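Source: prediction; values computed, not measured.
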Amino acid sequence: MTIERPMFPPRAESVDSFCHQPAMGQPGSECQLSESRKPAEGLSRRIALLGIAALPIAGTFPATANAATDPAFALIAEKLAADAAHCAAIDAEDEAESDEERNPEAVEEAFQRCCVACTVVNQADWRLATTPPTTLAGVARVLRFANEIEDGGMEWPDTDTVGPEGWHYQLRKTMAVAIETIVRQMGA
């Protein structure tokens, strides 16, 4: 699958290449670059992602057998790995575009790899929002992790969407279902 590249003039400075992430169940048709030509001020998204990726996930696992099988922890690790791969793809795209002897095929290939990495991140984001944790520790970790991403300056897909198509709506719905299920199991 080839993603159509938006037509932008060659750029002298780095432009954030995080992709637009479609609503849940909607196919992504193209990877869009940020419209801003100004360099970001303060903490860059890449640095924020790398900082979040360095968080000690292992230390958050409770010592119970149920927590070891809770999908929440694996999904968080998957999200962090996808973000790290996306950052590497962005760096490779930036390098290809800043090469003095720019090879158009190499630039296009780097762009395509970046879009694929963006799609993987988008899928990981939605799995995290729609997969119920099986332990209260998992619920707490997912909710804290969602805030850590935002505290680091990052966004979740469809953050501005109000209603069932939005990422935050799905996250809240999934966490409520998880808590209700855990409480029912505790009373059984």
Side-chain angles (χ1 to χ4, degrees), residues 1 3 16 18-32 43 45-90 114-188:
M1 174 176 129
I3 299 171
D16 188 1
F18 278 78
C19 302
H20 167 75
Q21 298 178 345
M24 187 169 79
Q26 301 296 314
S29 60
E30 66 179 59
C31 181
Q32 299 174 348
L43 188 65
R45 289 179 176 224
R46 263 180 252 152
I47 291 174
L49 274 176
L50 292 174
I52 290 169
L55 292 172
I57 295 276
T60 63
F61 281 90
T64 67
N66 288 342
T69 60
D70 189 328
F73 298 101
L75 290 170
I76 290 170
E78 176 187 340
K79 162 70 174 153
L80 291 171
D83 283 343
H86 190 205
C87 285
I90 290 169
C114 189
C115 287
V116 167
C118 178
T119 299
V120 171
V121 167
N122 186 33
Q123 292 167 346
D125 290 345
W126 282 107
R127 275 192 297 278
L128 190 62
T130 59
T131 304
T134 57
T135 64
L136 289 177
V139 171
R141 184 63 193 121
V142 168
L143 294 173
R144 283 192 182 107
F145 181 70
N147 285 344
E148 289 167 6
I149 292 290
E150 292 179 31
D151 289 345
M154 300 300 300
E155 294 180 352
W156 294 101
D158 299 312
T159 323
D160 296 334
T161 303
V162 176
E165 297 301 313
W167 187 88
H168 285 97
Y169 183 99
Q170 288 296 316
L171 178 72
R172 290 187 303 268
K173 177 181 168 186
T174 300
M175 295 306 113
V177 166
I179 292 168
E180 291 166 347
T181 301
I182 293 164
V183 167
R184 268 194 315 273
Q185 289 172 348
M186 290 170 59

Closest contact, heavy atoms only, Thr174 versus Ala129: OG1-O, 2.7 Å

Separation of Leu128 CG from Leu75 CG (nearest 0.5 Å): 6.0 Å

Thr159 side, atom OG1; Met154 side, atom CE - distance, nearest 0.5 Å: 10.0 Å

Exercise: identify the closest heavy-atom pair between Pro157 and Trp126: CG-NE1, 3.6 Å

Within-4.5 Å side-chain heavy-atom neighbours: Leu171 and Trp156: no

Pairwise side-chain contact, Thr161 with Tyr169, heavy-atom cut-off 4.5 Å (strictly under): no

Any Ile76 side-chain heavy atom under 4.5 Å of Val142 side chain: yes

Ile179 side, atom CD1; Met186 side, atom CE - distance, nearest 0.5 Å: 11.5 Å

Heavy-atom pair of closest approach, residues Ala89 and Cys114: CB-CA, 3.7 Å

Separation of Asn122 CG from Cys115 SG (nearest 0.5 Å): 12.0 Å

Any residue meeting salt bridge (Lys or Arg N to Asp or Glu O under 4.0 Å) with Arg127, in chain and number order, not counting sequence neighbours: Glu78

Contact check, side chains of Thr134 and Gln185, non-hydrogen atoms, under 4.5 Å: no

Val139 and Ile182: CA distance, side-chain angles, deciding distance, side-chain contact (heavy atoms from CB on, under 4.5 Å) verdict: CA-CA 10 Å; Val139 171; Ile182 293 164; 4.3 Å; yes

Flag, side chain of Asp70 to backbone of Pro133, donor-acceptor distance under 3.5 Å: no

Asp158 side-chain N/O to Trp167 backbone N/O, donor-acceptor pair under 3.5 Å: no

Side-chain touch Lys79/Val121, heavy atoms, less than 4.5 angstrom: yes

Between CD1 on residue Ile149 and CD on residue Glu155, distance to nearest 0.5 Å: 11.5 Å

Straight-line distance of Leu136 CG to Arg141 CZ, nearest 0.5 Å: 15.5 Å

Gln170 side chain to Pro164 backbone, donor-acceptor under 3.5 Å: yes

Close side-chain approach of His86 to Val120, heavy-atom, < 4.5 Å: no

